[in-house]
Amino acid sequence: MTFSADDFAKALEAHDFDFRVGSTVKGTVVDYDSDGATIDIGGKSAAFMPIREAAVKPVSDLAEIFEPGVEYTFQVIRDQDADGQVLLSIRRLQLKQLWEKLAQMADEGAVVDTKVTGFNKGGVTVDVEGLRGFVPRSHLSRSYESLEDLAGQHLTVSFLDVNQANNKLVMSERIAARNEVMG
């Protein structure tokens, strides 16, 4: 049995290893520890996914979201190093999907329940499904002496600006309240 150059090219094509930054790859979780997970993606060496790249929301234990031997889809976030290892992320794929979902919700005039996570003189920051959003003081439904009082509280808000390119998510409690009255 002979193996020609054509056969070799076809075999390589059948195993399209595109490990460039931004490409998506399928891989199987081989092992994990507190730093991240080792992923078999069919390359000359295993890939690595740092724990901070496991999900949009912070993860403290990879055992909560990954099962060894199961295949997942990842995005390549760093080209192969000298040892042939690439860095992977699931978080970046999830972020892309989340931004798309929020843009669609904004187009539909949806309202969401958020939790206030911080404040500054201009308004409050809120958690919107793991993303940080901002509600300007002028878009709060009531005026507050101190925005500090809102920390930890839930607000129902609608979307003012959803801009993934600028990582900008601006919300409005005032518009959400008006839509609920009129809705």
Side-chain angles (χ1 to χ4, degrees), residues 18-27 35-37 39 41 47-60 62 64-66 72-80 86-183:
D18 183 7
F19 301 146
R20 290 181 309 232
V21 170
S23 64
T24 56
V25 296
K26 293 212 180 275
D35 294 333
I39 315 293
I41 57 171
F48 185 73
M49 182 192 59
I51 193 166
R52 70 182 176 278
E53 293 295 335
V56 172
K57 293 186 179 186
V59 174
S60 58
L62 289 174
E64 295 173 7
I65 57 174
F66 291 111
Y72 298 91
T73 302
F74 302 88
Q75 182 175 3
V76 177
I77 59 172
R78 190 189 73 204
D79 287 323
Q80 295 182 29
V86 297
L87 274 188
L88 303 176
S89 172
I90 284 183
R91 178 180 167 272
R92 307 233 181 139
L93 292 174
Q94 290 176 340
L95 277 172
K96 182 177 184 285
Q97 293 169 340
L98 181 56
W99 278 104
E100 289 168 1
K101 174 185 169 188
L102 294 179
Q104 182 178 354
M105 290 173 72
D107 289 344
E108 295 167 355
V111 298
V112 293
D113 184 51
T114 62
K115 183 175 183 178
V116 176
T117 56
F119 61 94
N120 60 36
K121 66 180 180 184
V124 296
T125 54
V126 292
D127 180 314
V128 184
E129 296 191 37
L131 287 181
R132 189 178 81 149
F134 181 71
V135 182
R137 185 185 282 266
S138 62
H139 279 273
L140 292 169
S141 61
R142 301 175 297 283
S143 62
Y144 295 90
E145 287 268 329
S146 169
L147 295 179
E148 190 174 352
D149 299 340
L150 283 173
Q153 291 191 30
H154 288 264
L155 299 178
T156 299
V157 296
S158 63
F159 299 87
L160 275 178
D161 187 11
V162 178
N163 186 329
Q164 180 182 359
N166 295 332
N167 200 29
K168 190 174 178 183
L169 184 59
V170 183
M171 314 299 286
S172 172
E173 184 186 33
R174 184 170 287 191
I175 292 173
R178 185 175 33 203
N179 289 348
E180 284 184 345
V181 169
M182 294 168 58

Heavy-atom pair of closest approach, residues Val59 and Ala54: CG2-CB, 4.4 Å
Starting at CG of Asp161, measure out to OG of Ser172 and round the result to the nearest 0.5 Å. 12.0 Å
If the plane angle is over 60° it's perpendicular, under 30° parallel, otherwise tilted; pick one for Phe66 and Tyr72. perpendicular
Nearest non-hydrogen partners of Gly27 and Ile41, listed with the distance: CA-CG2, 3.9 Å
Distance col, row Met171:CE vs Phe159:CZ, nearest 0.5 angstrom, shows 4.0 Å
Could you pull out the closest heavy-atom pair between Ile90 and Met49, with the gap in Å? N-SD, 4.0 Å
Are the side chains of Phe134 and Leu160 in contact, using a 4.5 Å heavy-atom criterion? no
Rounded to the nearest 0.5 angstrom, the CG-NZ distance for Leu131 and Lys168 is 15.0 Å
Between Ile175 and His139, is any pair of side-chain heavy atoms under 4.5 Å apart? yes
side-chain contact (heavy atoms from CB on, under 4.5 Å) partners of Leu93, counting only residues at least two apart: Thr24, Thr73, Gln75
If you measure from OG on Ser158 to CE on Met105, what distance do you get to the nearest 0.5 Å? 10.5 Å
Flag side-chain contact, heavy atom, 4.5 Å: Leu155 against Val124: yes
Does CD in Glu100 sit with more than 12 non-hydrogen atoms of other residues, nucleotides or ligands closer than 6.0 Å? yes
Please confirm whether the backbone N or O of Ile51 pairs with a side-chain atom of Asp35, one donor and one acceptor, at under 3.5 Å? no
State, with a plain yes or no, whether a side-chain heavy atom of Leu102 is found less than 4.5 Å away from one of Val112. no
Considering all heavy atoms, the nearest Lys57-Glu129 contact: CE-C, 3.8 Å
Do you know which two heavy atoms are closest between Leu147 and Phe119, and how far apart they sit? CB-CB, 3.9 Å
So does Arg132 have more than 12 non-hydrogen atoms from other groups sitting under 6.0 Å from CZ? no
Minimal non-hydrogen separation, Pro50 against Leu88, with atom names: CD-O, 3.6 Å
Pairwise distance CD(Gln153) to OG1(Thr114) - rounded to 0.5 angstrom: 11.0 Å
Under 3.5 Å donor-acceptor, Arg92 side chain and Glu53 backbone: no
Mind checking the CG-CD1 spacing from Leu87 to Ile39? Nearest 0.5 Å is all I need. 11.0 Å
